[in-house]
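Below is one structure, written out as C-alpha cells, with a few remarks after it.
First the proteins, then the strands, lettered A, B, ... as listed; each starts at 1. Nothing here was measured: the structure is a model prediction, and the numbers come from that model.
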Amino acid sequence: MGVRPYTVLHNERRGPYCTLTVGGEVEPSEPGQFYMVRGDWGADPLLPRPLSILGEDPAAGTLSFLLKVVGRGSSLLFELEPGHKVTALGPLGRPFPMPPAPGGPPVALVGGGVGVPPLVFLARRLAAERIPYAFLQGARTKDDLLLVEDLAALGTPPLCTTEDGSAGAKGLVTAPLAVALDAGLGAVYACGPEGMLKAVAGMCAGRVPSHLSLEARMGCGYGVCLGCVVPISRGGARVYERVCQEGPVFDGEAVLWE
Amino acid sequence: MGVRPYTVLHNERRGPYCTLTVGGEVEPSEPGQFYMVRGDWGADPLLPRPLSILGEDPAAGTLSFLLKVVGRGSSLLFELEPGHKVTALGPLGRPFPMPPAPGGPPVALVGGGVGVPPLVFLARRLAAERIPYAFLQGARTKDDLLLVEDLAALGTPPLCTTEDGSAGAKGLVTAPLAVALDAGLGAVYACGPEGMLKAVAGMCAGRVPSHLSLEARMGCGYGVCLGCVVPISRGGARVYERVCQEGPVFDGEAVLWE
Amino acid sequence: MGVDLAVTLGSVRLNNPVMLASGCCGYGMDMEPHLDLNRLGGVCLKGLSMAGSEGNKPPRIWETQGGMLNAIGLQNIGVSRFLAEKAPKLRTYGTAFVANFYGHTVDQYMEAARALGEEPALAALEMNISCPNIQEGGIQFGTDPASVYKVTKACRGATKKPLWVKLSPNAADVAATAKAAQDAGADALTCINTMPAMAIDVERREFRISNKVGGLSGPALKPIAVRIVYQVAKAVTIPVVGIGGVATAADALEFILAGAKAVQVGTALFVDPQCPYAILRGIEDYCARHGFPSVESLVGQVKDGAPMPKCHE
Amino acid sequence: MGVDLAVTLGSVRLNNPVMLASGCCGYGMDMEPHLDLNRLGGVCLKGLSMAGSEGNKPPRIWETQGGMLNAIGLQNIGVSRFLAEKAPKLRTYGTAFVANFYGHTVDQYMEAARALGEEPALAALEMNISCPNIQEGGIQFGTDPASVYKVTKACRGATKKPLWVKLSPNAADVAATAKAAQDAGADALTCINTMPAMAIDVERREFRISNKVGGLSGPALKPIAVRIVYQVAKAVTIPVVGIGGVATAADALEFILAGAKAVQVGTALFVDPQCPYAILRGIEDYCARHGFPSVESLVGQVKDGAPMPKCHE
Ligand SMILES: Cc1cc2nc3c(=O)[nH]c(=O)nc-3n(C[C@H](O)[C@H](O)[C@H](O)COP(=O)(O)OP(=O)(O)OC[C@H]3O[C@@H](n4cnc5c(N)ncnc54)[C@H](O)[C@@H]3O)c2cc1C
Ligand SMILES: Cc1cc2nc3c(=O)[nH]c(=O)nc-3n(C[C@H](O)[C@H](O)[C@H](O)COP(=O)(O)OP(=O)(O)OC[C@H]3O[C@@H](n4cnc5c(N)ncnc54)[C@H](O)[C@@H]3O)c2cc1C
Ligand SMILES: Cc1cc2nc3c(=O)[nH]c(=O)nc-3n(C[C@H](O)[C@H](O)[C@H](O)COP(=O)(O)O)c2cc1C
Ligand SMILES: Cc1cc2nc3c(=O)[nH]c(=O)nc-3n(C[C@H](O)[C@H](O)[C@H](O)COP(=O)(O)O)c2cc1C
Ligand code: FES
Ligand code: FES
C-alpha cells in the first residue's frame with residue numbers, strides 16, 4: 001500500500017493527550033489496527049510511530065488518533081497544527097475479532113491510558129451492530145480518563161476507576177471486571193499497560209476468551225524487521241510472534257508473560 | 001557570551017530569499033559580523049548556520065538577517081513563522097574596518113547575492129556618519145537584486161548590474177567598479193561569490209585597500225574547531241586563518257586564491 | 001530518457017542497481033503489499049542458518065540519533081524450511097533474489113551454502129560474516145582476514161552459485177578482509193553490515209535492548225559505509241555493493257560514485273517501504289541530467305585526485 | 001543537594017566529571033568568552049606535535065545526519081610555541097588541563113611527552129594514537145595492540161605525568177588495544193576518537209572535504225562509543241573517560257553508567273558552547289533524584305545481567 005500523505009485537520013489537546021485528526025486517502029480498517037505515523041521533521045526521529053486507530057471515515061477521507069506525549073516523536077505529533085503534513089502507513093496489524101452477532105452474552109472492553117482509543121473504535125462498531133458491551137476504564141487520576149463523553153454518546157457510559165479516587169470508583173479496573181466476569185461475559189477485549197493486560201488475562205483464563213492488544217517497540221510496522229516480537233505459546237511451543245503482523249491483538253491465553 | 005534565545009518577529013519571503021527578524025537580548029555589533037543561528041529542530045541539521053547581520057537594534061532588542069534557501073538548514077530558517085523560537089550565538093567575527101571620518105575619497109561597496117546584507121548594514125553606518133559611498137550590486141537576474149529600496153532610502157540608490165540585463169546594466173559588477181576605481185576610491189568593501197571577490201581583489205591590488213568578507217563552512221563559528229580556515233599571506237608566509245575569528249573580513253591583498 | 005540502468009556483478013545481471021537489504025525485507029514476499037519486487041534490481045533475504053534461530057529476547061530495537069540499533073538475533077526459519085516453504089514462491093518473480101546466510105562454524109557456513117546453492121530461485125548467495133566464530137573463541141569471522149579467507153574458501157567449494165561476502169565494518173583494515181574474500185574466490189563484496197553499538201536507559205539503568213549490544217544502521221552509518229566502499233573498491237577488482245543508510249537517490253549515488261555497482265536499502269524501508277522507487281527514479285534522472293548513458297558508466301566516478309591520506313582530524 | 005561531583009582518575013582529581021574534548025575547545029582560553037573553564041572538570045587541549053602542523057587544505061568539515069566529519073589535519077602551533085605562548089596563561093586556572101599530543105613515529109611521541117611533561121599547568125597528558133605510523137607503512141598506531149603497547153611504553157618512560165591513551169574506535173578488538181595500553185603503563189583511557197568516514201557531493205562528483213576522509217563525531221557516534229566504553233571498562237582496571245556525541249546530561253549518564261568516570265564534550269560545543277553547564281546540572285540532579293551520594297558511586301551502575309553476547313542483528 002505504501003506510505004500516504006495526510007493533512008492535519010485538527011489537533012485537540014488536553015493535558016499530555018491530544019486527538020489528532022488527519023485527512024487524505026483512507027482505506028477501511030477494523031478496530032485494533034494501527035498506522036505508522038510520521039511528520040516531515042527530517043531524520044530526528046527517524047522512524048514512524050505506531051498509533052492505534054481511534055476512528056476513521058474512508059468516505060470522508062479522515063482518520064483520527066489519540067496520543068500521549070512520552071518522548072520526542074509523540075511531542076512532535078502533539079505540536080502539529082491544522083495544515084501540517086504527516087505521512088502514514090496503514091491500516092496495519094490484525095484487528096480485534098468481532099464477537100458473533102447479537103444475542104450472545106455481553107462483552108467487556110477494558111482499557112487504560114492510550115489503550116483506550118482502539119477500544120473506543122471497537123465500542124463504536126459494537127454499538128452500530130447492537131452488540132451489548134460494558135466499557136471499563138481504569139486510570140491513575142480523573143485527568144487520565146479518556147473519551148468519556150464520546151463513549152457515553154454511544155449509549156453505554158464507561159465504568160471508570162481511578163487509583164486516587166478522583167473520579168469513579170477508587171481502585172483498579174480489575175475490580176469491576178471481576179464483577180462483570182461473575183455476571184457472565186462472552187469475551188473480554190483489553191488494551192493498556194502490561195500489568196493490566198496480564199491481570200486481565202489471568203482473570204479470564206479458562207473462563208472466557210480474552211483479546212489483548214499488545215505494545216512493542218516497532219521498526220517497520222509491517223512485518224519485515226522482526227523487531228517487535230513477543231513470546232507466544234503456539235501449539236504448546238514457545239515462539240516469537242510479531243506484534244505488528246500476528247498482533248497487535250493476541251489471545252490472552254497464548255501470551256507468555258516473561 | 002553563550003547561545004541566546006530569540007523569538008521570530010517577522011519573516012518576509014521573496015522568491016528563495018527571506019528577511020528574518022528576531023527579538024531578544026541583542027549585543028551591539030558592527031557591519032561584517034555574523035551570528036550562528038539555529039531553530040529548535042532537533043539534530044537534523046545539527047550545527048547552527050552562519051548568517052551575516054543585516055541590521056540590529058540593541059535598544060529595541062531586534063536583529064535581522066537576509067538569507068537564501070540553499071539546503072536543509074536555510075529551508076528550515078526560511079519556513080520560520082512569527083512566534084517560533086531560534087537560538088543564536090553572536091555577534092561573532094571581525095567587522096569591516098570603518099573608513100576614517102568624512103572628507104576622504106568615497107568608498108565602494110560591492111555585493112552580490114547573500115553577500116549584500118552585511119554591506120547594507122555597512123551602508124547604513126556610512127550614511128549615518130555621512131561618509132560618501134557607492135553601492136554596486138551584481139546579480140544574475142533582477143529577481144536576485146536585494147534590498148534595492150532599503151538602499152535607496154539611505155540616500156544612495158545602488159548601481160545594479162544583471163547578467164541577463166533584466167535590470168540595471170547588463171554584465172558584471174566589475175564594470176562599474178572599474179569606472180569607480182578610475183574616478184578614485186578610498187577603499188573597496190566586498191562580499192559575494194568567490195569569483196567576484198577574487199576579481200575585486202585583483203582590480204584593487206596595489207591601488208586601493210579592499211576588504212573582503214569571505215565564506216567558509218563552519219563548525220563552531222567562534223574559533224575553536226579550525227574548520228573554517230582559508231589560506232592567507234601573512235608577513236610573506238602562507239598561513240591558515242579562521243574565517244570566524246581572524247575574518248570573515250580579510251584584506252584582499254592577503255587572501256591567497258588557491 | 002534511455003538511461004541503461006542494468007548493472008552486472010560478475011555473472012549476475014541486475015535490472016537496476018537498487019536492492020533490498022537482508023533483514024529489512026523478510027523473505028521477500030513480505031514486502032509485496034507495499035512494493036512490487038519486480039521493479040527492483042534485487043532482494044537480499046533475511047539471514048538463514050542451517051538450524052534456524054528463534055532470535056533474541058525482546059526488546060530488540062532502539063532508535064538513536066540518525067539511526068537505530070537492532071539485535072534481532074538472526075531469527076530465521078532455517079534453510080530447509082526456507083527451501084520448502086518460501087523458495088518455490090520466489091521462482092515466479094522477475095528480480096534477483098540473494099540468500100543471505102551465516103553459521104557459527106566453517107562447517108555450518110559450508111552446509112548452508114551447499115543447500116542454498118541448489119535453489120534455482122536464487123541468483124546469488126550472500127555470506128554474513130559478522131557472526132561470532134564459536135570455534136575461535138567467539139571472535140567475529142569478519143574482523144580477521146585469515147578467518148575471512150578460510151570461511152569464504154570453504155563456501156566457494158560448496159556451491160557454484162555466485163558468492164557475495166558481506167563485510168563487517170568492525171575490521172581494523174577492511175581492505176585486508178576484502179582482499180582475503182576476493183582471494184578466496186568471492187564474486188562480489190557487500191559493504192557494510194551494522195556497527196556494534198549500545199544504548200542505556202539511564203532512568204532505569206538498563207540496556208535499551210536485551211542483548212545489550214545491537215547493530216547500528218541508518219543514516220548515521222552512511223559516511224562510514226561510503227568510506228569503506230571507496231577503500232574496498234580501490235583494493236579489489238570484484239564488484240562492490242554499497243549499503244548503510246541509503247534513503248535517497250543522492251545517498252545511492254554517493255555509494256555508486258565511490259565505487260559501488262549497486263546499493264542495498266535497509267533501514268530506510270522502515271520509514272517508507274516504497275523509497276526504492278524514488279531512489280531509482282532519482283538515479284535515472286541524475287544520469288540523464290549529467291549525460292551518463294548508463295549506471296555502469298557512473299561507477300567510481302568521484303574525482304579522485306591524490307591518493308587517500310591516512311590522517312584525519 | 002550535597003552530591004559529591006568530584007571524580008578521581010588515578011592521581012588526577014577532577015572537580016566534576018565534565019571535560020571539554022580535544023580539538024573542540026582550542027587551547028582552552030579560546031572558550032573563555034563563552035564558558036568559565038573553572039566550572040569544568042577538565043579541559044583537553046588541541047592535539048600537539050613537536051613540529052606543529054599547518055593542517056589540511058580546506059574544506060575541512062562537512063555535516064552528516066546526526067554528526068559531522070572533520071579533517072582538520074591536526075593543525076597546531078607545536079609543543080614549544082604552546083609551552084611558551086599558551087601554557088603560562090593556563091597556570092592561573094582552577095581546572096585540570098590535559099595536553100593531547102601525537103606523533104608519526106614512536107620518537108616523536110616520546111619527545112612530545114617529555115617536553116609537555118615538564119609543564120606544571122598540565123594535570124595529565126592524553127596520547128592521540130589515531131595517527132598513521134609512518135615507520136610502519138602508515139597503519140594507524142591505534143588499531144594494533146602491539147603498536148599501542150610500544151608507543152605507550154615509550155611515552156610512559158618519557159614523563160612522570162599521568163598518561164591517558166585515547167583509543168581509536170577503528171580497532172577490530174578495542175578491548176585488546178585497551179589492555180595493551182594498560183599493560184604499558186597508561187593511567188587512564190579515553191574512548192573514543194572519531195571514526196574514519198566520507199561524504200561525496202554527487203552533483204560535482206567531488207569529496208566534501210579535501211582530505212577525502214574525515215573523522216565522524218557527534219550524536220551519530222554515541223551508541224558506538226557507549227558500547228566501546230562498556231567493553232573497555234570491563235576489560236581494564238584503570239579509569240575510562242567516555243567521549244562521543246555527549247550533548248546532554250542523559251548522554252553523559254549513559255557513559256558513566258557504562259563505566260566511564262568522566263566524559264568529554266566535543267561536537268556539542270559547536271551547537272552550544274555552554275552545554276557543559278546543563279550537562280553538569282543534569283548529572284547533579286540525577287544523582288539527587290536517584291539517591292546516589294556521588295558521581296563515583298554511579299560509575300558502571302548499569303544493571304548487567306548476563307555477560308555480553310557477541311552476536312547481534
Ligand atoms: C500497536 C501500537 C499501538 C499504539 N497506539 C498508541 C496510541 O493510540 N496512542 C498512543 O499515545 N500511543 C500508542 N502507542 C505507543 C506509541 O507508539 C509510543 O508512545 C510512541 O512510539 C513513543 O514515541 P516517542 O518518540 O514519543 O518516545 P521515545 O521514547 O522517543 O521512543 C523511542 C522509541 O521507542 C518506541 N516506543 C517507545 N515507547 C513505546 C511504546 N510504549 N510502544 C511502542 N513503541 C514505543 C518508539 O516507537 C521509538 O522507536 C502504540 C504502540 C503500538 C505498538
Ligand atoms: C560568515 C558567513 C556569513 C554568511 N551570511 C549569510 C547571509 O547573510 N545570508 C545567507 O543566505 N547565507 C549566508 N552565509 C551562507 C550560509 O551560512 C549557508 O548558505 C548556509 O549555512 C547553508 O546551510 P544549508 O543547511 O541550507 O545548506 P547545506 O548544503 O545543507 O549545508 C551543509 C553544510 O555546509 C555549510 N554551508 C553550505 N554552504 C555554505 C556557505 N556558502 N557558506 C558557509 N557554509 C556553508 C553549512 O553550514 C552546513 O554545515 C554566510 C556564511 C558565512 C560563513
Ligand atoms: C532489523 C535489521 C535486521 C538485519 N538483519 C540482517 C541479516 O539477517 N543479515 C545481514 O547480513 N544483515 C542484516 N542487517 C543489516 C542490513 O542488511 C544492513 O547491512 C545494515 O542495516 C545497514 O544498512 P541500512 O543502514 O540501510 O539499514 C539487518 C539490519 C536491520 C536493521
Ligand atoms: C573539529 C574536531 C577536531 C578534533 N581534534 C582532535 C585532536 O586534535 N585530538 C584528538 O585526540 N581528538 C580530536 N578530535 C576528536 C574529539 O576529541 C572527540 O574524540 C570526537 O569528536 C568525538 O566526540 P564528540 O562526538 O563529542 O565530538 C576532534 C574532533 C573534532 C570534531
Ligand atoms: S515492527 Fe518490524 S516486524 Fe514488527
Ligand atoms: S568555525 Fe570553528 S574555527 Fe571557525
Side-chain angles (χ1 to χ4, degrees), chain A residues 1-5 27 36-50 70-74 86-93 194 214-232 234 237-247 255-258, chain C residues 20-36 45-47 53-77 208-210 214 217-220 222 245 247-248 266-278:
Chain A
M1 60 185 81
V3 161
R4 291 206 190 85
E27 261 183 48
M36 295 295 284
V37 185
R38 200 171 184 281
D40 59 352
W41 48 59
D44 182 21
L46 187 64
L47 298 174
R49 296 296 188 249
V70 299
R72 181 164 163 86
S74 48
V86 299
T87 53
L89 180 72
L92 299 165
E194 185 170 312
L214 303 188
E215 280 196 7
R217 280 186 222 143
M218 290 192 173
C220 65
Y222 56 92
V224 297
C225 76
L226 307 180
C228 64
V229 300
V230 288
I232 297 288
R234 204 54 85 196
R238 178 183 171 286
V239 294
Y240 282 128
E241 291 195 346
R242 295 164 294 183
V243 169
C244 71
Q245 198 78 0
E246 284 79 40
V255 175
L256 297 170
W257 308 97
E258 292 179 352
Chain C
L20 306 187
S22 176
C24 304
C25 58
Y27 298 112
M29 300 78 93
D30 304 284
M31 293 299 294
E32 273 292 277
H34 308 287
L35 202 60
D36 177 359
L45 309 172
K46 176 68 193 172
S53 162
E54 67 162 5
N56 289 331
K57 207 166 155 292
R60 291 177 170 186
I61 57 175
W62 182 251
E63 193 168 346
T64 63
Q65 263 180 16
M68 63 174 278
L69 309 185
N70 88 80
I72 306 303
L74 290 162
Q75 176 177 336
N76 77 94
I77 57 175
R208 290 289 190 182
I209 49 184
S210 71
S217 66
K222 192 186 69 172
T248 66
T267 302
L269 296 173
F270 307 162
V271 181
D272 177 1
Q274 295 188 339
C275 71
Y277 294 160

Inset, instruction - Verify, without hydrogens or angle tests, whether Ser53(C) (side chain) and Gly73(C) (backbone) share a donor-acceptor contact under 3.5 angstrom. - result: yes

Legend entry - Residue Met36(A) versus chain C: region with a heavy atom under 4.5 Å: neither

Inset, instruction - Find the distance between CG (Leu226(A)) and SG (Cys24(C)) and round it off to the nearest 0.5 Å. - result: 10.0 Å

Legend entry - Smallest separation among heavy atoms of Asp30(C) and Val224(A), with atom names: CB-CG1, 3.7 Å

Legend entry - Pick from Ala43(A), Gly227(A), Gly221(A), Ala216(A) with the largest number of heavy-atom pairs that fall under 4.5 Å of chain C: Gly227(A)

Legend entry - For Gly2(A) against His34(C), the heavy-atom pair lying closest together: N-ND1, 3.6 Å

Inset, instruction - Pick one of side chain, backbone, both or neither for Glu54(C), based on which atoms fall under 4.5 Å of a heavy atom in chain A. - result: both

Legend entry - Nearest heavy-atom neighbours spanning Leu20(C) and Met31(C): CD1-CG, 3.9 Å

Inset, instruction - Select one option (side chain, backbone, both, neither) describing which atoms of Arg217(A) are under 4.5 Å from chain C's heavy atoms. - result: both

Legend entry - Option in Gly223(A), Pro48(A), Gly42(A), Gly219(A) with maximal non-hydrogen atom pairs under 4.5 Å from chain C: Gly219(A)

Legend entry - Under 3.5 Å donor-acceptor, Arg38(A) side chain and Leu46(A) backbone: yes

Legend entry - Arg4(A) portion near chain C, given a 4.5 angstrom heavy-atom threshold: neither

Inset, instruction - Among Met68(C), Glu63(C), Gln274(C), single out the residue with the greatest number of heavy-atom pairs under 4.5 Å to chain A. - result: Glu63(C)

Inset, instruction - Select one option (side chain, backbone, both, neither) describing which atoms of Leu89(A) are under 4.5 Å from chain C's heavy atoms. - result: side chain

